[in-house]
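Throughout, a chain's letter reflects where its sequence line sits, starting with A, and its residues are numbered from 1.
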Protein chains: 2
Amino acid sequence: MTARLSTRSSAPVRQSSVRAHNLALVLHTVANSADPPSRAAVASATGLTRATVSALVDDLIAGGLLTELDPPPRTGAGRPAAGLALTAAGPAGLGLEINVDYLAACVVDLTGTVRQRLTEHADQRPAGPAEALAALGRLGARARLAAEADGLVLAGAALAVPGLVSGDLVRVAPNLGWQNVDAPVLLRGVPELADLPVAVDNEANLAALGELRVAGGNPDFLYVSGEVGIGAGLVIDGELYRGVRGWSGEIGHVTVYPDGRHCRCGARGCLEQYAGQEALAADEPLAAAALGIALAAVVNLLDVPVIVLGGAFVPHFPRLRDGIEAELRRRVLTAGLAPVTLRAASLGADAAVRGAADAVIRGVRDDPAAWLRRT
Amino acid sequence: MTARLSTRSSAPVRQSSVRAHNLALVLHTVANSADPPSRAAVASATGLTRATVSALVDDLIAGGLLTELDPPPRTGAGRPAAGLALTAAGPAGLGLEINVDYLAACVVDLTGTVRQRLTEHADQRPAGPAEALAALGRLGARARLAAEADGLVLAGAALAVPGLVSGDLVRVAPNLGWQNVDAPVLLRGVPELADLPVAVDNEANLAALGELRVAGGNPDFLYVSGEVGIGAGLVIDGELYRGVRGWSGEIGHVTVYPDGRHCRCGARGCLEQYAGQEALAADEPLAAAALGIALAAVVNLLDVPVIVLGGAFVPHFPRLRDGIEAELRRRVLTAGLAPVTLRAASLGADAAVRGAADAVIRGVRDDPAAWLRRT
DNA sequence: GCCAAATAATTCAACCACTAAACAAATCGT
DNA sequence: ACGATTTGTTTAGTGGTTGAATTATTTGGC
């Protein structure tokens, strides 16, 4: 079975694209193998010939993305295989997060291991964007130095923000009081980060990516993040769905009770009013029902088989679970055909920073050819 | 700019995949050009060289997908260009639709022109699946014969059903009273259709595809179909999103009033109870508000910029518009940043059959290499 | 009327990436 | 010690794209 290339892309395909794709394919295969696979194992897993895999692996080793393991795992007859693994001392991603009451930075290497982790607790609202991001940049610079001392090379950075992001611009971050902030420029004002490409994304989106990495299992789920507001990251087929303008996942403002409580967004009956952090802290009895109603809408619309509750929902999960599941059973049309799985996130408060760092190395994994070209 | 091949596909890529992709690229370029383009124009539009385009075009002409226009459009100095266009007498798609009170068949050629159109009005519920599909098959056979008399060759058929479909199986079609019907097998029971590949999909999904073709413009929209029930087809980046199990788009059972009217699905307050065909016919005052609440949820979750109301909503659109838009302005978080466009469908009752036929030729357009290989 | 300029399309050598098959290397079992 | 077995590399061959040169066909100036 040969691949159907995505038709929508209106760019021509050359031989070099074939190589780029197959490099990524080999890298993914190695990354997703339980044990370090041999070149031959990769070949049979991918459908490429051993000759091709050898050539690709040579490139990946030369580029510092793969390593040949020293003590070859020996099994049965035949020439012993050389095990392949992702390089730990290669490209790494810098994750950054700003939120109402803390800053965080985190470095993750190609294998997904967290190599550095720094946090700074302080109210970020009074400082304003320029100052807060400068402080975050300094935190990131410290993490970078420490990581580079370990032999890592940063491939880029990603910033998690609690707000709406278009492209690289933070359009609105209500809880920070920000509007139209060009975060990458401000971050790169810190000299030690000046050379890094910086991406910006919504906090819930990146947290969802973090959960995807850790959960490992299902590549289709909705991650619901309970912070001051409620946001959601939708992962479809292992890929984050950001929406046309990048403003998807605003589940906190889905209407659950049309004539209900007034919300700070101007509407009435938003989910946030019944299941936001304040409502949860007040032991709000309607929280589970409200969540169930909103989540049932998501499942009816999108046929998502798994829902992951993260952030502030995690400690409340045991209390909320039954109520949510009851509403899902009742309100999801296809509940009888296949149940919806509900679970708590496995990552805690650092899901977003970690997801941000993950997003960077995911970029390297998905397009290793770009990394090899870099020199 | 060379293409980033989709990384998710875990299949290897060979040179033949490159050709397959570039064949599709050339075909799309010709299809989307206002005037019949020359090979040179296609080359500069795609980024391929003229040599490559010539070779690809030769294949497409030999395979009957493209035609060289006879009277070459002359412009300025230089050798006159040979205009390229999709072949009208080439592969065509057979669309089939079964609904509560009618059967329909329709043949669309590669250029998107409807070449045959047959309808049969009758209540399909008493007959049962086997008989209803046999009747539909006979209707399709008549359309096929007429089309083949015009020199068309059917590339396949697609069937639109008002119900939940997994793979090729109709799991539930409540309004028809069907359960677990293997529609392709029953349809191919009609000898004249025995050789056709038959795909099955939800009626709203296919109607959305039909609308995509006709609308031409925006490749991101939600199509909401008001039939006996309310379904929705979500088109993202020109591609239909079907959900993990194919059960997306059940907007009719999104909750709008949690303690509202009882719905036949067992839940309370479903949209269908306030904006279904019956409610519309009864001049239901809550219809616009209910639609607005449900649609706002979709936009908050998915950031869809355009909503198209089709089916039974079309005649009621002028009456509903203001009410829906008011709710959207109020309840969509990003309404202030960019408005949501609401419009009535441009296709009428035949959207689904037509979309079904379109889906078939879309398959040919997206993978012309498969068609060329067929012989 | 003829030649130059211009544009379209084709031809051909070179290149790149993959395949298939033969070959080399390294181990196990007897 | 030797064959069986499996891994990894080498080499020739194939398919597909590129780029430059070539051929084809028109317009416009003199």
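For the pair Gln15(B) and Arg50(A), both in contact range of DNA chain D, the more 5′-proximal nearest nucleotide belongs to Arg50(A). Nearer the 5' end of DNA chain D, as judged by each residue's closest nucleotide, is the contact made by Ala77(A), out of Asp58(A) and Ala77(A). Mapping Ala41(B) and Leu48(A) onto DNA chain C by nearest heavy atom places Ala41(B) at the nucleotide closer to the 5' end.
With salt bridges taken as basic N to acidic carboxylate O contacts below 4.0 Å, none links Arg242(B) and Asp303(A). No salt bridge links Arg365(A) with Asp358(A); every basic N to acidic carboxylate O contact stays at or beyond 4.0 Å. Checked for salt-bridge contact, Glu239(B) and Arg362(B) miss the test: no charged N lies under 4.0 Å from a carboxylate O. Comment: Arg19(B) engages Asp59(B) in a salt bridge, judged by a side-chain N to carboxylate O separation of less than 4.0 angstrom.
Between Arg19(A) and dC18(C), a side-chain N or O to OP1/OP2 separation shorter than 4.0 Å is present. Regarding contacts with the backbone of dG19(D), every side-chain N or O of Thr49(B) stays at 4.0 angstrom or more from both OP1 and OP2. Regarding contacts with the backbone of dT10(C), a side-chain N or O of Ser54(B) is found under 4.0 angstrom from either OP1 or OP2. A sub-4.0 Å separation between OP1 or OP2 of dA9(C) and a side-chain N or O of Ser38(B) is present. Using a 4.0 Å cut-off, no side-chain N or O of Asn22(A) falls inside it from OP1 or OP2 of dA17(C). Contact check, Thr52(A) against dT19(C): a side-chain N or O comes under 4.0 Å of OP1 or OP2.
Residue contacts shown for Ala51(A) include a base, since a base heavy atom lies under 4.0 Å away.
A donor-acceptor contact under 3.5 Å links the side chain of Arg79(A) to the base of dT7(D).
In this structure, the CZ atom of Arg14(A) is 16 Å from the P atom of dC18(C), given to the nearest Å. In this structure, Arg39(A) places its CZ atom 14 Å from C1' of dT10(D), rounding to the nearest Å. Rounded to whole Å, the distance from CG on Asp59(A) to C1' on dG8(D) is 16 Å. Between the CG atom of Leu66(B) and the P atom of dA9(C) there is a distance of 13 Å, rounded to whole Å. Atom P of nucleotide dC16(C) and atom CG of Leu23(A) are separated by 15 Å, given to the nearest angstrom.
When distances are taken from the side chain of Ala81(A) to each of dT27(C), dC18(C), dT7(D), the shortest belongs to dT7(D).
When all heavy atoms of Val306(B) and Asp220(B) are compared, the pair lying nearest together is CB-O, 3.8 Å.
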